[in-house]
Structure formats: structure tokens, C-alpha cells
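Everything on this sheet refers to the single structure shown next.
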Amino acid sequence: KDAGMNVTQGDSSVAVGESALKAATTSSNNVAIGRSALTSNTAGETVAVGAFALGAQTTGFNNVACGFEAAENLTTGQRCVMLGYEAGRATTTNHNVVAVGYQALRDNSDANAASFRGAVAVGAEAGRSNTGQNGTYIGFKSGVSSGNANGQVSIGWEVAHNNAGNHNVAIGSKALYTDSDDGSADPGGYNIGIGYLAGYGSNAGGRHNIALGFQSMYARTSAASVVAIGKDAGGSITSSSDCVLIGANAGKTGTNDLT
């Protein structure tokens, strides 16, 4: 019903489903399959498959959305790929975004200027609640609750799960699991955690740390400018600063405030 009902001069378009491609008049090369898919669209070169997929798009183009409510609220954004149930559902005007997986980059509402423009999220719930910019989230629940963190790179299962710090790099399951927002203009960031559980602990405001190895800097809280390399290296570090610990178990036990 009402699929492509207003098309007059458009070429090479496909509309299947109630109200699919309903508003289009002269646009071409669109594919809309599913109830209200591309229902508001007036531009061209777009693919929407799934109920309400790209339902709000007006002048955006070169977008691909597949899945129920995938990119449902995207209006003028361009060159986006949203694949999966509710993938990229809340974004409206951003460009060059890739969200692949169940609820990947679901909650971004463009409250932040140019928020997650150029972001990439691959995996179920990857970057789901992120409202920052230019992040890369790969893996199940990678950066799922990363808030308004900017420029993060998170690769692995639940890596940087609750990480709100800017420009962190986390590679390995649950690496840099929590960098809490300390309320400052620049919350805990510029940290690197590589390895299973590397830099796992809650780090409110701690910056410029490097944790390489299984459970390195596992207990960190507000530590800053610490380098820990090796299995369990810096395991006892919580609030220390300006330390270098190299080797398996280096600084694993003992005082929490090395200098």
C-alpha cells in the first residue's frame, strides 16, 4: 500500500512494502523494501531494507541500511552503512558512518556537533551508547557504554566497555574496561591497554598510561604517566605517577604508590 505512490519521473527504483519510498517524486536508483522504508526520501542512490529503515531520510544519499529501524532517524547524512537491528538508529545528520551488528552505534543522537562522524562499529552492541566522535569499535560490546568519548580505538570482546576517556587505545578482551568520566573537560584518556584485562580498573582522570600484557595495571584508579609491560606488571598500581615497570609481575604486589 502506497509504495512509491508519488514517483513521477524517477528511474530504476524498487519499492516494496506499505509506504515504502512514499514521498519520492523524481529520485532514482533507490531500493526500499519493508514498511515505511525510505518513506520520507526525496533523494537517490540509497538502499533501505527492513521496516522503518532510513524512514526519516529526506535529502541524504548514498546510504545503505538493512535491518529493523536501521538508521531510522537519519535525515541528511550521507555515505553511511548501517546493517543490523537498530544499527545507527538515533543518528540524524552524520556522514561516513559504518555500523554493523545488532544495535551497533544505536544511541547517538547528534547532540555533540559532528558526533561520531566517521565512526566505525562492528559487532553486536559495539559503540551502542557512544556520543563522541571518530571512534572505532570492533567486537561484541566494544565500547558499549563509552559515553561521549572521542577518538577511541577499541578492539576485542567487551573492550573499553565503560570507557569514557578520549583518545584511548584498547586491544584485547576487557582491556581498559572502565575509564570513568571524572567530570572534567577532558576525562581520563590518552591511555593504551593491550592484552586481556590490561588496565582493567576504574581510572577516573588518569591519563597517559601504557599497559601491555595480561592484567597489566589491573587495579589502576587515578594513575598517570605509568608504563607497565609484562604479565601482571603494575598489578598493584592504583594512584601512582611517572613509573616504569617492565617484566612479568613487576610491581604486582607491594605498595600502591610507587615513585
Side-chain angles (χ1 to χ4, degrees), residues 112 115-116 118-121 126-139 141-259:
N112 184 9
S115 54
F116 83 65
V120 176
R128 184 187 67 191
S129 299
N130 178 255
T131 57
Q133 304 176 31
N134 308 317
T136 300
Y137 302 95
I138 300 176
K141 288 191 174 181
S142 172
V144 63
S145 298
S146 52
N148 63 353
N150 299 315
Q152 285 191 345
V153 176
S154 303
I155 301 174
W157 179 71
E158 290 194 348
V159 65
H161 186 282
N162 298 315
N163 194 304
N166 295 320
H167 307 292
N168 288 317
V169 176
I171 301 175
S173 295
K174 297 190 176 183
L176 294 183
Y177 189 85
T178 301
D179 259 338
S180 56
D181 189 341
D182 62 355
S184 67
D186 185 16
Y190 310 98
N191 298 304
I192 298 174
I194 299 177
Y196 177 54
L197 297 175
Y200 177 87
S202 176
N203 192 43
R207 301 173 178 84
H208 310 297
N209 297 303
I210 299 175
L212 306 180
F214 170 73
Q215 290 191 158
S216 54
M217 290 191 70
Y218 179 85
R220 72 193 177 104
T221 55
S222 57
S225 301
V226 173
V227 177
I229 302 175
K231 173 184 175 294
D232 289 314
S236 67
I237 293 289
T238 58
S239 57
S240 299
S241 299
D242 306 311
C243 300
V244 177
L245 301 161
I246 299 177
N249 302 316
K252 179 181 179 180
T253 60
T255 180
N256 290 338
D257 293 306
L258 300 173
T259 57

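The side-chain heavy atoms of K231 and N249, taken from C-beta on, include a pair separated by under 4.5 Å.
Under a 3.5 Å cut-off, the side chain of R207 and the backbone N or O of Y190 do not form any donor-acceptor pair. Checking side-chain atoms of D232 against main-chain N and O of S216 turns up no donor-acceptor pair under 3.5 Å. A donor-acceptor distance shorter than 3.5 angstrom exists from the side chain of S236 to the backbone of G251, with no hydrogens or angles considered. Proximity of a side-chain donor or acceptor of N209 to a complementary backbone N or O of V226 within less than 3.5 Å is detected. Judged purely by atom type and a 3.5 angstrom limit, S154 has no side-chain atom pairing as donor or acceptor with the backbone of S142. In this structure a side-chain-to-backbone donor-acceptor pair under 3.5 Å is present from N130 to A149. In this structure, the side chain of N162 does not engage the main chain of S145 through any donor-acceptor pair within 3.5 Å. With S222 contributing its side chain and G206 its backbone, the two residues share no donor-acceptor pair below 3.5 Å.
Closest of all the heavy-atom pairs between L245 and A233 is O-CB, 4.2 Å. A pairwise comparison of heavy atoms in N163 and N168 identifies OD1-ND2, 2.9 Å as the closest pair. Closest non-hydrogen pair, A170 versus A175, comes out as CB-O, 3.7 Å. For the pair K174 and L197, the tightest heavy-atom approach, listed with the atom from each and the gap, is CB-CD2, 3.7 Å. For the residue pair A211 and G199, the shortest heavy atom distance occurs at CB-N, 4.1 Å. I237 and M217 get closest at one heavy-atom pair: CG2-CE, 4.2 Å.
Expressed to the nearest 0.5 Å, how far OG of S146 lies from CZ of R128 amounts to 10.0 Å. Rounded to the nearest 0.5 Å, atoms CD1 (I155) and OG (S173) are 12.0 Å apart. Atom OH of Y200 sits about 12.5 Å away from atom CZ of F214, to the nearest 0.5 Å. Y218 OH to Y177 OH: the interatomic distance, rounded to the nearest 0.5 Å, is 10.5 Å. In this structure, H167 NE2 and H208 NE2 are separated by 11.0 Å, a value rounded to the nearest 0.5 Å. Residue L212 holds its CG atom at 5.0 Å from CD1 of I229, rounded to the nearest 0.5 Å.
The closest side-chain donor-acceptor pair between Y137 and Q152 falls under 3.5 angstrom.
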